[in-house]
Amino acid sequence: MFTVALFDLDGVVRHFDSDHVGAIEARYGIATGEIERFAFSSPLIEQVTTGCISRRDWVDLVAEHLSNAEAAAEWGCHPFSADPAVLALVDAVRQGGLRTAILTNGTDTIPAEVVSLGLDTHFDEIFNSAAIGYAKPDRRAFQHVLDSMGVSAGEVFFTDDSPAKLAGAAALGMTVHHFTGVAGLKRALRTSGILAGPGVSRGKLGG
């Protein structure tokens with residue numbers, strides 16, 4: 001039986017302004033896609049999401065690459081917002097008796113960002129790769145969640161918008177769902193017995 005619903009943060013619970021980066025590149029004459037091509041390149045992205053460097057260091061390295069501190073600073077202040085429809089599902093899951101948690105490949109600023117969005121009122125635990133030292137899909141990131149929450153993999157339903165990130169969770173035995181939208185997530189939660197729905201009784205199906 002499921003006892004925990006685990007959610008990815010970015011692309012599931014939180015969304016970024018899709019026009020922000022392109023507008024910066026256009027304003028400063030930077031090639032389209034260059035900022036994120038460098039910022040999310042390996043090994044840089046692994047360094048910042050496993051806590052080897054800080055977000056401040058990350059932005060500084062982007063500034064150095066671009067030779068443009070102003071553009072990097074603006075990029076580092078990317079506007080974001082929480083998805084109210086996803087949070088409504090999270091709240092319904094909690095009301096059904098499950099614990100809810102986030103596992104994100106994040107930077108050292110995640111704690112402040114979580115508070116700014118009020119996510120700490122919707123989730124029982126927030127797990128950040130920068131604090132754990134391992135990032136999804138590394139099995140050790142998921143094992144950290146299991147150990148911290150005192151549950152087995154079979155008790156956890158995990159959703160992420162990146163199929164590649166699901167691999168580590170599935171390898172441990174978690175039930176996984178590729179997030180493509182709220183409607184699909186709701187169906188998956190109902191099919192798993194986590195949410196009540198037509199023909200489904202909450203809690204009857206296990207993981």
Test side-chain contact (heavy atoms from CB on, under 4.5 Å) applied to V151 and R99, step by step: CA-CA 11 Å; V151 297; R99 287 186 287 167; 3.3 Å; yes
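- Within the 4.5 Å cutoff, the side chain of L195 has heavy atoms near those of the L89 side chain.
- Residues in residues 20-44 take part in these salt bridge (charged side-chain N to carboxylate O under 4.0 Å, His left out) pairs, two or more places apart or across chains: R27-E74, E34-R37.
- Hydrophobic cluster membership is shared by I132 and M174, with clusters built from Ile, Leu, Val, Met, Phe, Trp and Tyr side chains linked at under 4.5 angstrom.
- Between R139 and G168, the shortest heavy-atom distance links the atoms CG-O, 4.0 Å.
- Contact record, L66 with A71: CD1-CB, 4.4 Å, taken as the closest heavy-atom pair.
- One finds the CG atom of L103 at 5.5 Å from the CG atom of L6 (value rounded to the nearest 0.5 Å).
- Here CG of D120 is found 11.5 Å from CD of E125. Values are rounded to the nearest 0.5 Å.
- Pairs engaging residues 84-95 under the salt bridge (charged side-chain N to carboxylate O under 4.0 Å, His left out) rule: R94-D124 [sequence neighbours left out].
- Every residue two or more places apart in sequence or in another chain that forms a side chain to side chain donor-acceptor pair (under 3.5 Å) with S152 is listed here: E155.
- Residue pairs satisfying the ring-ring contact (aromatic ring centres under 6.0 Å, His included) criterion with at least one member in residues 145-182, sequence neighbours excluded, are listed as follows: F142-F158.
- Applying the side-chain hydrogen bond (donor to acceptor under 3.5 Å, both in side chains) test to every pair with at least one member in residues 156-169, sequence neighbours left out, gives these pairs: K136-D160.
- Contact between A5 and L98 at its shortest, heavy atoms only, is N-CD2, 4.2 Å.
- Taking CG of D17 as the start and SG of C77 as the end, the distance is 13.0 Å to the nearest 0.5 Å.
- No side-chain heavy atom of V13 sits under 4.5 Å from any side-chain heavy atom of D8.
- Residue pairs that meet the salt bridge (charged side-chain N to carboxylate O under 4.0 Å, His left out) test with at least one member in residues 40-57, sequence neighbours left out, are R56-D60.
- The ring pair (Phe, Tyr, Trp, His ring centres under 6.0 Å) test applied to W58 returns F40, W75, not counting sequence neighbours.
- Between the side chain of T191 and the main chain of A188, no donor-acceptor pair closer than 3.5 Å is present.
- Between L119 and L9, some side-chain heavy-atom pair lies under the 4.5 Å cut-off.
- Across all non-hydrogen atoms, the minimal contact from A63 to A69 is CB-CA, 3.8 Å.
- Under the ring-ring contact (aromatic ring centres under 6.0 Å, His included) criterion, the residue pairs touching residues 79-102 are F16-F80, with sequence neighbours excluded.
- Taking the salt bridge (Lys or Arg N to Asp or Glu O under 4.0 Å) definition, one finds that R140 meets it with D138, sequence neighbours left out.
- Placement of M149 and Y134 within a single hydrophobic cluster is found when ILVMFWY residues are connected by side-chain heavy-atom separations under 4.5 Å, directly or transitively.
- Judged as a side chain to side chain contact (heavy atoms under 4.5 Å, CB included), and not counting sequence neighbours, the contacts of D83 are H15, A85, V86, V182.
- R14 pairs by the side chain to side chain donor-acceptor pair (under 3.5 Å) definition with D10, E113, not counting sequence neighbours.
- The stretch residues 86-131 participates, sequence neighbours left out, in these ring-ring contact (aromatic ring centres under 6.0 Å, His included) pairs: F7-F123, F127-H144.
- Taken to the nearest 0.5 Å, the OG1 atom of T100 stands 8.0 Å off from the CD1 atom of I126.
- From L87, atom CG reaches atom OG1 of T121 across 8.0 Å, with rounding to the nearest 0.5 Å.
- Distance check, rounded to the nearest 0.5 Å: CD1 of I110 to CG of N128 gives 5.0 Å.
- V90 and F2 end up in the same hydrophobic cluster when Ile, Leu, Val, Met, Phe, Trp and Tyr side chains are linked at under 4.5 Å.
- Side-chain atoms of S129 come within 3.5 Å of backbone atoms of T49 as a donor-acceptor pair (strictly under, hydrogens ignored).
- One hydrophobic cluster, built from ILVMFWY side chains closer than 4.5 Å, holds both V21 and L61.
- Contact detail for V176 and A170: the closest heavy-atom pair is CG1-N, 3.9 Å.
- For the pair A164 and P137, the tightest heavy-atom approach, listed with the atom from each and the gap, is O-CB, 3.3 Å.
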